[in-house]
Every structure is written in structure tokens, then in C-alpha cells.
Amino acid sequence: MVHEMPTTGRSWGELREEMLGMRGDDLNWKEGRHGAFVWYANDELEEVVREAYSMFLVENGLGVKVFPSIGRMEYETLAMVRSLLNGDDNTASVFTSGGTESIFQAIYAMREWARVSRSGVGTPEIVAPHSAHPALNKAAHLLGMDVTRIPVGADYAADPAAIEAAIGPNTAGIYASAPTYSLGIVDPISELGAIAERHGLWLHVDACVGGILGNFVRELGYEVPAFDFAVPGVTSISADLHKSGFAAKPASTVNFRTREHRDFARFSFDDWPSGMYSSLTFTGTRPGGAIAAAWAAMQFLGKDGYRQLAADSMAARERIEAGLLQIPSLYVHGSPQLYAFGYGSDEVDMHAVAGEMNRSGWYCGSIANPVGIHVMATPVHGPHAQEYIDAIARTVGQVRSGAAGAAAGVSYT
Ligand SMILES: Cc1ncc(COP(=O)(O)O)c(C=O)c1O
């Protein structure tokens with residue numbers, strides 16, 4: 001069917017109805033049916049974020065000189081994030097469209113820095129644990145760099161000795177996560193920082209998931225290893241606002257230990273009719289709304305609000321985990337420290353369980369190695385934890401008895 005634009009425009013009322021109807025088949029995130037993709041806490045916060053976004057829907061973040069409102073909100077949001085990450089007066093940041101862009105800008109800066117400070121390197125290489133997010137490989141691919149993925153340890157965390165052993169003459173930097181997407185493991189950043197310092201390398205910490213809430217979780221008394229600028233040797237950190245910052249998409253930050261490090265992320269060009277074009281982002285035009293929504297979320301919640309979201313996310317995880325562990329043969333992979341975790345079974349085909357769940361109104365992300373199902377617990381998952389546990393218990397039973405359908409392939413998107 002060819003979809004042509006209507007010759008005559010249609011009324012908003014009619015379109016609105018049609019769009020609401022389209023939503024009918026979408027995943028019900030308001031009731032916590034999602035294992036990924038959405039970070040939703042409550043209607044009150046959603047309303048603040050929605051209104052802030054629409055107030056600045058038209059403004060362009062590329063033109064902060066003509067939109068000082070956006071410039072101020074961007075500056076203040078980045079300063080708040082830097083302070084959450086234990087930055088100092090020298091730390092410098094960039095507001096980006098998401099984890100992928102933050103990681104791209106960090107890896108780009110790492111490459112440019114290596115060209116200057118590590119003379120003699122050939123194709124620059126990043127050494128990373130196998131658990132690193134694919135955004136790393138996407139960045140390296142686009143930047144003409146190599147990634148060497150090293151098996152994780154028995155605890156599913158980066159293995160510092162193996163990473164150090166893999167460092168070669170072309171290594172520009174090390175990559176680690178806080179936490180990993182798949183199993184929610186915070187890599188041993190302190191040990192990796194020491195290795196980076198010893199070898200004169202850049203260390204990027206992908207805290208896309210844990211950057212905003214991670215330190216609040218520690219404040220609540222949980223054991224969360226240090227992962228930010230408090231750790232010597234950490235050069236850059238990606239921290240997503242549209243994940244644990246509970247802001248609107250697209251919004252993330254990439255933070256550099258010093259202004260000089262951030263300068264390596266700049267692209268400048270002036271050989272065209274309009275003179276100097278210089279930017280620290282991959283994107284050109286940037287949504288003013290996303291900057292406004294992030295600022296509003298942080299001001300509205302304050303530290304107390306984020307601490308509460310951290311507590312609610314951890315409580316949701318604990319409820320889900322406790323229920324899952326009552327189901328025979330299920331266990332959690334490793335010792336995840338935050339609100340993301342993965343679980344598996346030695347007896348039941350968990351990919352078949354995920355496939356069946358996904359056919360019945362849930363979204364369960366599958367994990368291939370180790371085999372399992374991924375959970376990203378957020379506040380909305382708490383009140384719906386029992387529904388999830390019941391659905392998993394039922395589906396595990398169906399798969400055990402052979403009544404459930406075939407296994408789904410492992411695919412994130
Ligand atoms: C650890 C980690 N890094 C990077 C990303 C990429 O972020 P985005 O999808 O916002 O580009 C994700 C996304 O889930 C992630 O979990």
C-alpha cells in the first residue's frame with residue numbers, strides 16, 4: 001500500500017483519535033509491561049516533563065546564543081550532572097541526544113587525544129569487556145577504530161588482569177560500564193582506572209544506565225562500587241538523562257575530566273559560505289524541548305526526588321527478584337548492584353519463556369550469554385511486580401510442559 005500525503009489536510013481531532021487508536025497495540029508501559037525502552041516513574045513527573053518539553057518545542061539547541069533560555073537550562077543541567085558524578089571545576093560536559101551519541105563523542109575525543117598524546121599508534125584500539133554496549137562498536141566503526149572485546153570474569157564483571165594483558169601499542173583507551181545493560185554489573189572501575197593511569201590510557205565509563213541514580217542507590221546503603229570522577233584514571237563518563245534521569249528522550253550527557261579532554265570532542269569547520277561551524281555534538285540541530293524537560297525534571301525532583309526514585313527502583317528490583325527466586329530453577333546471573341539484572345535457569349529454555357511472554361503483552365529482553373532474561377526495574381515496576389512474577393511462573397510452567405511456543409531469537413531491537 002502506498003501512503004500518500006492527503007491532498008487536503010485532516011482535522012487534528014480526527015488525527016488525534018486515529019493516533020490514540022494506533023497506540024492500542026503498543027506495549028503498556030504505564031503498567032510496567034516493559035523490560036527496556038521506557039523509564040517512567042509516575043503521572044505527576046510525566047506531566048512536568050511533557051509540559052516543559054512542549055514549552056520549548058520549537059527552540060533549537062544549536063542556537064544557544066539566540067535562545068539564552070536553552071543555554072541557561074543546558075548549562076545548569078550539565079552542572080547538576082557533573083556534581084552528581086563528583087566532577088570539579090575543571091570537569092566539562094556536553095548535552096547529547098542519548099547514550100549512543102554520548103559514547104560516540106567520548107570515543108571520538110579518545111581518538112583525537114590519542115593522536116596527540118600517544119604518538120606512534122596505528123589504527124587506534126579500545127579494549128573493552130565483552131559486556132560493553134554495541135554503541136561502542138558503532139562509534140568505533142564510524143571512527144575507523146578497532147574494539148577488542150575481552151571475556152568477562154566468572155562474576156560477569158570486566159576482568160582487569162585480562163584487560164591489562166590485552167593492552168598493546170595501538171590501544172588508545174579502555175571502556176567499562178556502570179552498570180552493563182545485559183546483567184546490570186558495575187565493572188571494577190577503580191582497578192581499571194589504575195590500569196589506565198599506569199599505561200597512560202583514556203578510560204571511558206559508560207554510565208548511561210547508572211549515571212544519574214547510581215550514587216543515590218549507594219547513599220541508600222547499597223554497595224555500589226565507585227564509578228565516577230572520584231575514581232582516579234576515569235577520563236570520560238556517559239550518563240543518560242532519558243534513562244535514570246527520568247527526563248524526556250532524547251537526552252544524555254557526556255562528561256570529561258577536564259576542559260582540555262572535552263576539546264578533543266569538538267569538530268570545527270569554516271570552508272563554506274557561512275563561516276565557522278563548531279560543535280561538540282554529533283547532531284547539528286538539537287531539540288530545545290529535551291533540554292528544557294531535563295532541566296525541569298531535575299529541578300522538580302531535586303536530590304530528595306531522585307533518592308526516592310532510586311529507592312523505588314531498588315524496591316521494585318527486590319520484589320521482582322524475590323518472586324522469581326521462588327520459581328524452581330530460576331537464579332540471578334552474578335551480583336548486580338543497581339536496578340538492572342538478568343536471570344536464567346539450568347532447566348528451562350529462557351528464550352522460549354521470553355518469546356511466550358512477548359506474545360502475551362509483555363516485553364522481556366533475552367540475553368544470549370549467559371542465557372537469560374533481562375530486567376530493568378524502574379519505579380512503575382514495583383506495583384506490578386506480582387503480575388510479572390505470576391506471568392513468568394505461568395510461562396515457565398508452560399515451557400516445562402511443552403505447551404508454550406518456540407524460542408524467540410535474541411534481539412534487542
Ligand atoms: C549501558 C548502555 N550504554 C549505552 C546505551 C545506548 O543508549 P541510547 O539507546 O540512549 O543511545 C544503552 C541503552 O540501553 C545502555 O544500556
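What you see is a predicted model; the values in this text were computed from it and never measured. Indexing begins at 1, ligand by ligand and atom by atom, following the structure's order.
Residues passing the ring-ring contact (aromatic ring centres under 6.0 Å, His included) test with Phe256, sequence neighbours excluded: none. Glu219 is linked by a side chain to side chain contact (heavy atoms under 4.5 Å, CB included) to Phe216, Arg307, counting only residues two or more places apart in sequence or in another chain.
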Q: Please lay out, stage by stage, how Phe67 and Phe56 fare under the test side chain to side chain contact (heavy atoms under 4.5 Å, CB included).
A: CA-CA 10 Å; Phe67 303 117; Phe56 289 88; over 6 Å; no
Q: Kindly determine whether His374 and Ser182 satisfy side-chain hydrogen bond (donor to acceptor under 3.5 Å, both in side chains), including the steps that lead there.
A: CA-CA 6 Å; His374 169 260; Ser182 309; over 6 Å; no
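By the 3.5 Å distance cut-off applied to N or O atoms, Gly98 is not counted among the residues near ligand 1.
Distances shorter than 4.0 angstrom do not occur between any heavy atom of Lys249 and any atom of ligand 1.
Residue-level proximity to ligand 1 for Glu101 is absent, since no heavy atom of it falls below 4.0 angstrom. Contact annotation for Cys208 and ligand 1: only side-chain heavy atoms (C-beta onward) come within less than 4.0 Å of the ligand. Both the backbone and the side chain of Thr100 come within 4.0 Å of ligand 1, judged by heavy-atom distances.
Of all atoms in ligand 1, listed by their number and element, those nearer than 4.0 Å to a heavy atom of His242 are 10 (O). Of all atoms in ligand 1, numbered sequentially from 1 with element shown, those under 4.0 Å from a heavy atom of Asp240 are 7 (O), 10 (O).
Ionic pairing of Glu347 and Arg400 is present here: one or more N-O contacts between side-chain nitrogen and carboxylate oxygen are shorter than 4.0 angstrom.
Here the OH atom belonging to Tyr222 is positioned 13.0 Å from the CD atom belonging to Gln337, to the nearest 0.5 angstrom.
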